[in-house]
Amino acid sequence: MTYRAPVADIAFTLKHGAGLHRMIQDGILGELDADLVDAVVTEAGRFATDVLAPLNQPGDKRGAAFKDGAVTMPPGWKEAYRSWAAAGWNALVAPSNWGGQGLPHAINAACIEMWSSASMAFSLGPLLTTAAVEALRAHGTDDLKKTYLPKLVSGEWMGTMEMTEPQAGSDVGALRTKAERAPDGTYRLTGQKIFITYGEHDLTDNIVHFVLARLPDAPAGTKGLSFFLVPKFLINGDGSLGARNDLRAHSIEHKLGIHASPTCTMVYGDHGGAKGFLIGEENRGMACMFTMMNLARLAVGLQGVGVAERATQQALAYARERKQGRAAGNSDSAPIIVYPDVRRMLLSMRALTRAARAICYSTAAATDRAQRATSDETRRKAHERAALLTPIAKAFSSDVGIEVASLGIQVHGGMGYIEETGAAQHLRDARIAAIYEGTNGIQALDLVSRKVPLADGTAVQSYIDELRRTVAAVNAANDPTFGSTGPRLSDALDHLDRTTAWLLKQLSKNPDTALAGATPYLRLFGAAAGGCLLAEEALAASRQPEGDTSDAAGRIALARFFAENIAVHAAGLATSTTDGAGALDAAPCDAAMEQH
Ligand SMILES: Cc1cc2nc3c(=O)[nH]c(=O)nc-3n(C[C@H](O)[C@H](O)[C@H](O)COP(=O)(O)OP(=O)(O)OC[C@H]3O[C@@H](n4cnc5c(N)ncnc54)[C@H](O)[C@@H]3O)c2cc1C
């Protein structure tokens, strides 16, 4: 089943759900106007649909291959990557002085979604390169930037992100890869990294590794980590590729999904140490890694949206075609889409996908405001907003990717379980997004322990207040087609508000109790925010002039479905956040887990 990029929907969410329209009106996006947004999204959609989507299933079947330290990508991938980079897609957000196009992160978010729908295994490499570019741009020396940025921006070289080691997963501070100072001011790295995405491949002539390592005299934990740029091939004075650096891929993993994305074990220092260049300051590596990670976390949320979109398209097409039984009053066999339970599944898929899309694009737009707004105060608040929304964008949307892909299989019945249809691949691919870039459990801890308390809780409160204004506008519209959207969303926000206040209190008194409810709280946040953003889009569509193609009726119906069927889970999630900790304490948990 082919994927068709939903470019009109995506452009609509960018402008009205994420607020790009307002940013254009505020004049903070330079020359960008609504027509250019449409043109970029349309062109990216064409590339995703025509060039990348056909690689998805063959890439899954063939996978990346490892032999003698080299990784060969599946047939057609090298050509597709090269034409993708040549078309400038890798350079979308990078600043123009480094060869980029300087477009907003929100537009890049839309493109990442489409690349991920087309092929999640493909999107993963470039999204890490883009995140690495941001870290190098923000923290690198001028020399390093001059040598590496232009080629990483153009896509001629790709980047990796390297934290994980066998004993250091969520606990990054436990990593042991060693970096020793060399007399020439560079460093020598020795150690092993595991699960490194695109650590080795044949898409580009050079691979630039961004590696966290520890100096011999560094303090323990995350405060003793430094961030290094370690190229596969060292660069000569004239910019050409020089000697091979002392690093290699030892093997690649066999895994559940994203088969075409090589997941490598990397070995540093077989011959005395790989030459590395410090980025930022010694022992301050986590600050650099966070620059990289925040963008990558949002991008992983977008992978969830992308897979969900493709699974929804496929399930819808199947439900329109597959005939089973007879609908009441009709003697012909009926397509399964006539049955309310199938429609429930399809609407859940569509509504969750669109809500997650709106959350992710809003997060990207907040990053744009944080970088481009003219007043310090607006930039500060936008920075807080992006920080608050990032764990929700990552975890809510990657969970949505899994749920929607699973529903997609259900809509297909038995055929969904058979690999041939491709529905199963979506679920296999989507599953990793809840794990990498910090598991969704870790995202929930980040939300509760770091983001909710931001600015003494005013950052979260101002977001909830903003969502309430949308609900007030729905109520004021007095449009019966919204059904109970207003009251249901209002209830959801009340639960979010009360639970947030409870968490803020617990954090100072009983932090463990607060953290025990972190995952249901994150879901509650996603459900309340996602519902309000869909309502905002529905209102925006209903305000468009007569004859506009924004599909106000469809958007209102979807917002209503979300509010009446998904946002209503807020009550249970709130209870689970505040009252669910009891049985999680060690003693009751151990007792409950005991087998007799
Ligand atoms: C396909 C793939 C690609 C990857 N790509 C990269 C990459 O490019 N670069 C890279 O550096 N890494 C990469 N990773 C590693 C990935 O980021 C880690 O697997 C992930 O962060 C989880 O670490 P872990 O596997 O050690 O699990 P653990 O840390 O062992 O976690 C196991 C479980 O315990 C929970 N847990 C752990 N600690 C806590 C805590 N303090 N509080 C509450 N719950 C906790 C987790 O949420 C999880 O459910 C990749 C992994 C895979 C599978």
Side-chain angles (χ1 to χ4, degrees), residues 60 63-64 66 71 120-132 135 158-177 191-201 207-213 221-222 225 227-228 230 249 251-266 268 285-286 288-290 292-293 295-297 299-300 303 307 391 394-395 398-399 402 428-450 511-522 581 584 586 589:
D60 177 63
F66 182 83
V71 171
M120 186 168 151
F122 178 90
S123 76
L124 188 52
L127 75 82
L128 290 172
T129 306
T130 312
M158 282 173 78
T160 67
M161 173 195 267
E162 309 201 8
M163 287 175 284
T164 307
E165 297 176 12
Q167 77 295 345
S170 303
D171 183 8
V172 182
L175 71 81
R176 292 186 200 132
T177 294
Q192 190 200 54
K193 296 282 176 188
I194 61 165
F195 297 164
I196 301 308
T197 294
Y198 279 83
E200 178 57 49
H201 56 79
I207 302 172
V208 186
H209 302 278
F210 290 82
V211 184
L212 273 181
T222 49
L225 301 179
F227 193 54
F228 297 94
V230 192
S251 53
I252 63 172
E253 305 293 345
H254 300 280
K255 46 194 198 300
L256 182 67
I258 53 165
H259 291 156
S261 164
T263 307
C264 305
T265 295
M266 302 298 299
Y268 288 86
M286 280 310 280
C288 308
M289 191 47 110
F290 266 113
M292 190 167 178
M293 224 154 38
L295 284 186
R297 286 179 171 175
V300 169
Q303 291 191 313
V307 176
K394 193 277 179 181
S398 57
D399 281 345
I402 296 166
R428 289 188 289 98
D429 285 352
R431 193 61 190 84
I432 185 59
I435 297 172
Y436 57 27
E437 281 314 323
T439 63
N440 286 2
I442 296 295
Q443 302 304 313
L445 298 187
D446 178 48
L447 174 64
V448 167
S449 61
R450 292 204 197 94
D512 283 353
T513 308
L515 297 182
T519 288
Y521 176 73
L522 188 148
L584 301 176
C589 177

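Each ligand, and each atom within it, is numbered from 1 in the order the structure gives.
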Residue and atom name of the nearest protein heavy atom (relative to atom 13 (C) of ligand 1), distance in Å to one decimal: F195 O, 3.0 Å

4.0 Å protein heavy-atom contact status of atom 10 (C) of ligand 1, strictly under: yes

Candidate with minimal heavy-atom separation from atom 28 (P) of ligand 1, of G125, A174, S170, G169: S170

Geometric N/O contact G441 with ligand 1, under 3.5 angstrom: no

Protein heavy-atom partner closest to atom 18 (C) of ligand 1 - residue, atom, separation in Å: T164 OG1, 4.3 Å

Sub-4.0 Å protein heavy atom next to atom 1 (C) of ligand 1: yes

Atom 45 (C) of ligand 1: the protein heavy-atom neighbour that sits closest, reported with distance to 0.1 Å: I442 CD1, 4.1 Å

Identity and separation of the nearest protein heavy atom to atom 52 (C) of ligand 1: I432 CD1, 3.7 Å

Backbone of G438 reached by a side-chain donor or acceptor of K394 within 3.5 Å: yes

contact_flag E437 ligand 1 heavy-atom lt 4.0 Å: yes

Region of M163 that comes within reach of ligand 1 [heavy atoms, distance under 4.0 Å]: both

4.5 Å side-chain heavy-atom contact, H259 and D429: no

Polar atom proximity, I194 to ligand 1 (N or O, under 3.5 Å): no

I258 side chain near Y436 side chain, heavy-atom distance below 4.5 Å: yes

L128 side chain reached by T160 side chain, heavy atoms, under 4.5 Å: no

Polar side-chain atom of Q443 near backbone of E437 as donor-acceptor pair, under 3.5 Å: yes

For ligand 1, the portion of T197 having any non-hydrogen atom under 4.0 Å away: both

Any protein heavy atom < 4.0 Å from atom 33 (C) of ligand 1: no

Within-4.5 Å side-chain heavy-atom neighbours: H201 and M158: yes

Heavy-atom side-chain proximity of M289 to L225 below 4.5 angstrom: no

Side chain K255, main chain S261, donor-acceptor under 3.5 Å: yes

Contact bool for atom 49 (O) of ligand 1 (protein heavy atom, d < 4.0 Å): no

Geometric N/O contact M161 with ligand 1, under 3.5 angstrom: yes

Side-chain heavy atoms of Q303 within contact of S123, under 4.5 Å: yes

Any N or O of E162 closer than 3.5 Å to N or O of ligand 1: no

The one among L256, T263, L445 that brings a heavy atom closest to atom 42 (N) of ligand 1: L445

Nearest non-hydrogen protein atom, atom 46 (C) of ligand 1: T439 OG1, 3.6 Å

